[in-house]
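Structure below; questions to follow.
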Amino acid sequence: QVQLVESGGGLAQTGGSLRLTCTASEHVFSINGVGWYRQFQGQEREPVARISRSGEVVYADAVKGRFTISRDTTKKIIYLQMTNLRPEDTAVYYCKGDEVWDVSRGNLVPDRHLDVWGQGTRVTVSE
């Protein structure tokens, strides 16, 4: 089963930092394009940052200069380093793999999965 699991959320103070981690399940072969999204209470999910397989990054204006997305391609882990946190960053954060290839069936040719979401991790920033 293909899974992306987020961790690292929690409570931070204004100006503080947190590092979110998105870890792919054991049999994931590769991931092309990963994004971090967040969802404020009662609102739609919105993109926060994205990193391509080649390492190109894009950020939402609201987090530029404060958040950094990175990936360990070998370990299939994607990070979101969040600094200078603000109360308006309080949300549930999700990672999404745009294209995830896995061999969980023991198959030689990896299966392709599109838009694989994690379950989310909550970030709360106090004033």
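Small disclaimer: the values here were computed from a predicted structure and weren't measured. FYI, the numbering just counts along the sequence from 1. Below, each value reflects all heavy atoms present in this structure, side chains not excepted, and no hydrogens, waters or symmetry copies.
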Nearest heavy atoms of Lys96 and Asp115, plus distance in Å: NZ-OD1, 3.0 Å
Gap between atom CD of Glu26 and atom NZ of Lys76 - 0.5 Å precision: 9.5 Å
Heavy-atom check, side chain of Glu46 versus side chain of Phe40, under 4.5 Å: yes
Lys/Arg N to Asp/Glu carboxylate O, Lys64 vs Asp61, below 4.0 Å: yes
Evaluation steps, side-chain contact (heavy atoms from CB on, under 4.5 Å), between Arg38 and Asp89: CA-CA 9 Å; Arg38 63 186 179 184; Asp89 294 319; 2.9 Å; yes
Sequence-distant partners of Gln119, side chain to side chain contact (heavy atoms under 4.5 Å, CB included), two or more places apart: Val5, Glu6
Arg50: partners by side chain to side chain contact (heavy atoms under 4.5 Å, CB included), with sequence neighbours left out: Ser52, Asp98
Apart from Trp117 itself, residues in the same hydrophobic cluster as defined by side-chain heavy atoms under 4.5 Å: Tyr37, Val92, Tyr94
Trace of the side-chain contact (heavy atoms from CB on, under 4.5 Å) decision for Arg105 with His27: CA-CA 9 Å; Arg105 296 188 297 114; His27 297 292; over 6 Å; no
Any side-chain heavy-atom pair of Gln1 and Ser104 under 4.5 Å: no
Heavy-atom neighbours of Glu44 CD exceed 12 at 6.0 Å: no
Expected output: side-chain Thr90 to main-chain Thr124 donor-acceptor under 3.5 Å: no
Shortest non-hydrogen contact from Thr14 toward Ser126: OG1-O, 2.7 Å
Working for side-chain contact (heavy atoms from CB on, under 4.5 Å), residues Ser70 and Gln81: CA-CA 8 Å; Ser70 61; Gln81 179 67 48; over 6 Å; no
Test salt bridge (Lys or Arg N to Asp or Glu O under 4.0 Å) applied to Asp102 - qualifying residues, sequence neighbours left out: none
Test side chain to side chain contact (heavy atoms under 4.5 Å, CB included) applied to Glu99 - qualifying residues, sequence neighbours left out: Asn32, Trp101, Arg112, Leu114
Smallest separation among heavy atoms of Pro47 and Ala60, with atom names: O-CB, 3.6 Å
Side-chain touch Ser30/Arg53, heavy atoms, less than 4.5 angstrom: yes
Heavy atoms from other residues, nucleotides or ligands near CD of Glu88 exceed 12 (cutoff 6.0 Å): yes
Backbone N/O of Thr83 and side chain of Ser17: donor-acceptor pair under 3.5 Å: no
Cluster companions of Ile78 among Ile, Leu, Val, Met, Phe, Trp, Tyr (side-chain spacing under 4.5 Å): Val2, Leu4, Leu18, Leu20, Val28, Ile31, Val34, Trp36, Val48, Ile51, Val57, Tyr59, Val63, Phe67, Ile69, Leu80, Met82, Leu85, Tyr93, Val100, Val116, Val123, Val125
